[in-house]
Amino acid sequence: MSSDNTVADRLVGDARRKTARNESPALGKIAMIVGIVALVVSPISIAGWVVGATAVGLGAAALRRTAPPKQAKIGLGLGVAAIMIGVFFYTLVIALG
């Protein structure tokens with residue numbers, strides 16, 4: 001038998017990669033960026049809803065990870081704000097038109 005345990009090394013390597021991926025703040029940054037874009041396009045009702053919902057989903061997924069949640073919370077809040085602004089402009093267009 002070989003003293004070399006490749007299965008254990010592979011499992012340890014996989015666990016380390018998974019832990020590093022869970023601790024990465026990249027998803028929170030992406031949620032924040034998408035939230036900013038959602039806020040910019042929110043006066044276009046449908047685009048604001050779609051991009052805002054995407055920001056909310058990314059923010060919620062980022063909050064489940066062990067990374068610092070600050071940017072994820074910002075992205076989530078911006079997504080919700082974009083959806084609300086989109087609803088406001090949609091209601092305004094219906095009321096005036």
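All values derive from a computational prediction rather than experimental measurement.
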Peer 1: Determine which pairs satisfy ring pair (Phe, Tyr, Trp, His ring centres under 6.0 Å) with at least one residue from residues 53-86, sequence neighbours left out, and list them in order.
Peer 2: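 Residue pairs with at least one partner in residues 53-86: there are none.
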
Peer 1: What residues, two or more places apart in sequence or in another chain, satisfy side chain to side chain contact (heavy atoms under 4.5 Å, CB included) together with Ile33?
Peer 2: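 Side chain to side chain contact (heavy atoms under 4.5 Å, CB included) list for Ile33, sorted by chain: empty.
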
Peer 1: Please give me the minimum heavy-atom distance between Ala31 and Ala55, naming the atom from each residue.
Peer 2: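 Here Ala31 and Ala55 meet closest at O-CB, 4.2 Å.
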
Peer 1: Residues two or more places apart in sequence or in another chain: which of them pass side chain to side chain contact (heavy atoms under 4.5 Å, CB included) with Lys73?
Peer 2: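 Counting only residues at least two positions away or on another chain, Lys73 forms a side chain to side chain contact (heavy atoms under 4.5 Å, CB included) with Leu63, Pro69.
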
Peer 1: With rounding to the nearest 0.5 Å, note down the distance linking CD in Gln71 to CE in Met32.
Peer 2: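 Answer rounded to 0.5 Å: 4.5 Å.
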
Peer 1: Can you give each donor-acceptor pair under 3.5 Å made by side-chain atoms of residues 38-54, sequence neighbours left out, with the distance rounded to 0.1 Å?
Peer 2:
unit_1	atom_1	unit_2	atom_2	d
Ser42	OG	Leu39	O	2.8
Ser45	OG	Gly86	O	3.4
Ser45	OG	Tyr90	N	3.3
Thr54	OG1	Val50	O	2.9

Peer 1: Membership question, hydrophobic clusters at under 4.5 Å side-chain separation (ILVMFWY): are Met84 and Phe89 in the same one?
Peer 2: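 As far as the 4.5 Å side-chain criterion goes, Met84 and Phe89 are not connected within one cluster.
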
Peer 1: With Ile30, which residues qualify under side chain to side chain contact (heavy atoms under 4.5 Å, CB included), at least two apart?
Peer 2: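 For Ile30 the side chain to side chain contact (heavy atoms under 4.5 Å, CB included) partners, ignoring immediate neighbours, are Val34, Leu58.
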
Peer 1: Taking Val93 as the starting point, is it possible to reach Ile83 by hopping between hydrophobic residues whose side chains are less than 4.5 Å apart?
Peer 2: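 No.
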
Peer 1: Does anything in residues 61-83 pair up under ring pair (Phe, Tyr, Trp, His ring centres under 6.0 Å), and if so which pairs, sequence neighbours excluded?
Peer 2: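 Qualifying pairs, neighbours excluded: none.
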
